[in-house]
Protein chains: 2
Amino acid sequence: MKEEQSLFANYLKSKGLKMTSARRTVLRAFIKSEGHLSAEDLLAAAKKIDPGLGQATVFRTLKLLSDAGLAQDACQEEGPRRYEHVYKQSHHDHLICIGCGKMIEFCHPEIEKAQNEIFKKFGFRGTGHKLELRGLCADCARKLDEENK
Amino acid sequence: MKEEQSLFANYLKSKGLKMTSARRTVLRAFIKSEGHLSAEDLLAAAKKIDPGLGQATVFRTLKLLSDAGLAQDACQEEGPRRYEHVYKQSHHDHLICIGCGKMIEFCHPEIEKAQNEIFKKFGFRGTGHKLELRGLCADCARKLDEENK
DNA sequence: ATGATATTGATAATCATTATCAATTAATTT
DNA sequence: AAATTAATTGATAATGATTATCAATATCAT
Ligand SMILES: [Zn+2]
Ligand SMILES: [Zn+2]
Ligand SMILES: [Zn+2]
Ligand SMILES: [Zn+2]
């Protein structure tokens with residue numbers, strides 16, 4: 001928490017940007033948050049700290065947090081963009097049930113390794129990736145089978 | 001081509017929907033297309049066949065093609081949704097340069113295999129996945145290094 | 001051909017995000 | 001500590017992509 005604070009502060013200073021109370025508010029709300037949250041979610045959380053906060057500021061600050069390496073956009077389901085913590089957070093990918101929306105986070109080392117091979121093969125300097133597996137969870141698969149019976 | 005025609009016709013019939021000239025136009029334009037195209041792209045192509053075609057129809061038909069299994073949405077870069085052929089097309093994933101936008105399609109069997117393991121591990125019935133690797137191509141990496149020199 | 005129903009294109013509406021801008025605030029310099 | 005400079009803010013308008021609405025039209029099983 002304190003660490004994320006100073007990481008963000010350093011980032012801002014390095015870019016000639018200012019640490020403001022609005023940004024502190026958004027950062028605090030983001031740090032307290034969990035999972036994948038949209039700008040709207042974060043605005044709601046931040047307004048509990050400062051009701052006067054504007055929504056544009058949340059969009060702007062979320063982008064800064066992303067540039068600063070504190071946030072990254074999580075799986076791109078339909079709907080608004082969603083962010084999650086990246087600082088001190090282990091990398092993971094997402095498995096989503098297209099029936100009920102349930103989401104599972106996982107990390108598969110071999111996939112990660114294979115991705116590096118791809119980068120090398122095509123002469124790329126890898127910076128990241130997004131992997132999203134989609135399917136039916138056991139419950140939803142069963143339900144579907146019964147319906148089609 | 002003829003095959004995609006009849007696949008689509010069958011899909012429509014199975015859903016109680018109608019094969020119309022507008023849908024035939026969109027399908028023809030889609031079949032002739034290559035790569036990843038947006039609704040706007042497809043509208044432009046389809047208007048060359050029938051200038052009176054409405055854009056809403058393209059959005060609607062693209063969704064139908066997707067439901068029918070002829071199209072799927074390709075990598076989700078910023079901007080509008082993009083579709084690509086799926087019928088008789090081998091599966092592939094995408095490698096994108098964040099510098100110049102260059103995109104490479106690849107398929108890595110081990111990644112595919114590992115994904116099936118994940119599905120099994122969590123009791124899912126897999127239906128698909130989207131993997132997007134991001135990085136700098138050799139050219140862009142070199143340019144960046146020189147700038148930061 | 002007839003009738004029931006799906007479809008069309010035009011248009012308005014929606015949703016998420018960005019741009020604009022005058023007033024305010026933060027960091028620097030005196 | 002005040003003045004200076006430039007970035008930031010919140011409100012609001014604008015944008016871009018997509019979806020909803022609806023009266024007129026086209027399709028298809030009968
Ligand atoms: Zn996650
Ligand atoms: Zn489920
Ligand atoms: Zn592709
Ligand atoms: Zn490049």
Side-chain angles (χ1 to χ4, degrees), chain A residues 5-6 8-29 36-68 71-83, chain B residues 5-6 8-29 36-68 71-83:
Chain A
Q5 293 261 10
S6 65
F8 193 42
N10 289 343
Y11 171 79
L12 291 176
K13 186 173 285 182
S14 78
K15 295 285 181 185
L17 305 177
K18 296 170 179 173
M19 174 56 89
T20 66
S21 70
R23 285 175 182 162
R24 265 186 288 266
T25 300
V26 175
L27 177 60
R28 279 176 56 197
H36 308 137
L37 84 173
S38 64
E40 194 183 358
D41 296 336
L42 187 54
L43 175 63
K47 277 199 163 177
K48 287 184 187 157
I49 305 175
D50 171 9
L53 195 83
Q55 84 168 157
T57 300
V58 171
F59 276 97
R60 291 186 282 231
T61 307
L62 222 22
K63 186 168 293 176
L64 289 173
L65 290 173
S66 184
D67 293 344
Q72 66 185 357
D73 52 326
C75 56
Q76 173 67 14
E77 270 297 82
E78 291 296 280
R81 190 176 300 163
R82 290 178 177 279
Y83 292 84
Chain B
Q5 293 261 9
S6 67
F8 192 42
N10 288 342
Y11 170 78
L12 292 175
K13 186 173 287 182
S14 77
K15 295 283 181 183
L17 304 176
K18 294 170 181 174
M19 174 56 89
T20 67
S21 71
R23 285 175 181 163
R24 264 186 289 265
T25 300
V26 175
L27 178 59
R28 278 177 56 200
H36 307 138
L37 83 173
S38 63
E40 195 182 359
D41 296 335
L42 187 53
L43 175 63
K47 276 198 163 177
K48 288 184 186 158
I49 305 175
D50 171 9
L53 194 81
Q55 83 168 160
T57 301
V58 172
F59 277 96
R60 291 185 283 232
T61 308
L62 221 23
K63 186 167 292 176
L64 289 174
L65 289 173
S66 184
D67 293 342
Q72 67 186 356
D73 51 329
C75 57
Q76 173 67 16
E77 269 297 81
E78 291 296 279
R81 190 176 297 165
R82 291 178 176 280
Y83 293 84

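Each chain gets a letter, A, B and so on, in the order its sequence line appears, and its residues count up from 1. Worth knowing before you read on, the calculation uses all heavy atoms, side chains too, and leaves out hydrogens, waters and symmetry mates.
- Contacts of A:K13 with the nucleic acid, taken as non-hydrogen atoms under 4.0 Å apart, are absent.
- Atom CZ of residue A:R24 and atom CZ of residue A:F8 lie 10.5 Å apart, to the nearest 0.5 angstrom.
- Distance check, rounded to the nearest 0.5 Å: CG of B:D50 to OG1 of B:T57 gives 9.5 Å.
- Contact between the side-chain N/O atoms of B:K18 and the OP1/OP2 oxygens of D:dA29 is not found at any separation under 4.0 Å.
- The backbone N or O of A:K18 lies less than 3.5 Å from a partner atom in the side chain of A:R23, making a donor-acceptor pair.
- Backbone-only contact: A:R23 has heavy atoms under 4.0 Å from sugar-phosphate atoms and none from a base.
- For A:R60, the side-chain atoms get nearest to D:dA11 when compared with the rest of D:dA11, C:dT18, D:dA29.
- The side chain of B:T20 places no N or O atom within less than 4.0 Å of a non-bridging phosphate oxygen (OP1 or OP2) of D:dA26.
- For B:K63 and B:R24, each mapped to the nucleotide of DNA chain D holding its nearest heavy atom, the one lying further toward the 5' end belongs to B:K63.
- Computed from coordinates, the B:L64 CG to D:dT19 C1' distance equals 14 Å when rounded to whole Å.
- When each of B:F59 and A:D50 is assigned the nucleotide of DNA chain D with its nearest heavy atom, A:D50 is the one assigned upstream, toward the 5' end.
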Starting from the C-alpha separation in whole Å, work towards a yes-or-no answer on side chain to side chain contact (heavy atoms under 4.5 Å, CB included) for A:T61 and A:L27. CA-CA 8 Å; A:T61 307; A:L27 177 60; 5.9 Å; no

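- The separation between A:L62 atom CG and C:dA16 atom P is 14 Å, rounded to whole Å.
- Nearest-nucleotide positions on DNA chain C place B:M19 closer to the 5' end than the other of B:A56 and B:M19.
- Rounded to whole Å, atom P of C:dT5 lies 19 Å from atom CG of B:L12.
- What separates CZ of B:R81 from P of D:dG16 is a distance of 18 Å, to the nearest Å.
- Taking NE2 of A:H36 as the reference point, atom OG of A:S38 lies at 12.0 Å (rounded to 0.5 Å).
- Going from atom CG of A:L42 over to atom P of C:dA16 covers 15 Å, rounded to whole Å.
- The side chain of B:A22 lies closest to C:dG9 when the candidates are D:dT18, D:dA29, C:dG9.
- Nearest to the side-chain atoms of B:L17 among the listed nucleotides C:dA6, D:dT8, D:dA17 stands C:dA6.
- Between A:S38 and C:dA16, a side-chain N or O to OP1/OP2 separation shorter than 4.0 Å is absent.
- The NZ atom of A:K47 sits 15 Å away from the P atom of D:dT9 (whole-angstrom rounding).
- The residue A:K15 sits apart from the nucleic acid: no heavy atom pair falls under 4.0 Å.
- When rounded to the nearest whole Å, the span between CZ of B:F8 and C1' of C:dT7 equals 12 Å.
- In the set D:dT18, C:dA26, D:dA20, D:dT18 carries the atom at the smallest distance from any side-chain atom of B:Q55.
- For the pair B:R82 CZ and D:dT18 C1', the interatomic distance rounds to 15 Å; values are reported in whole Å.
- Contact annotation: the side chain of A:Q55 approaches that of A:F59 to within less than 4.5 Å [non-hydrogen atoms, C-beta and beyond].
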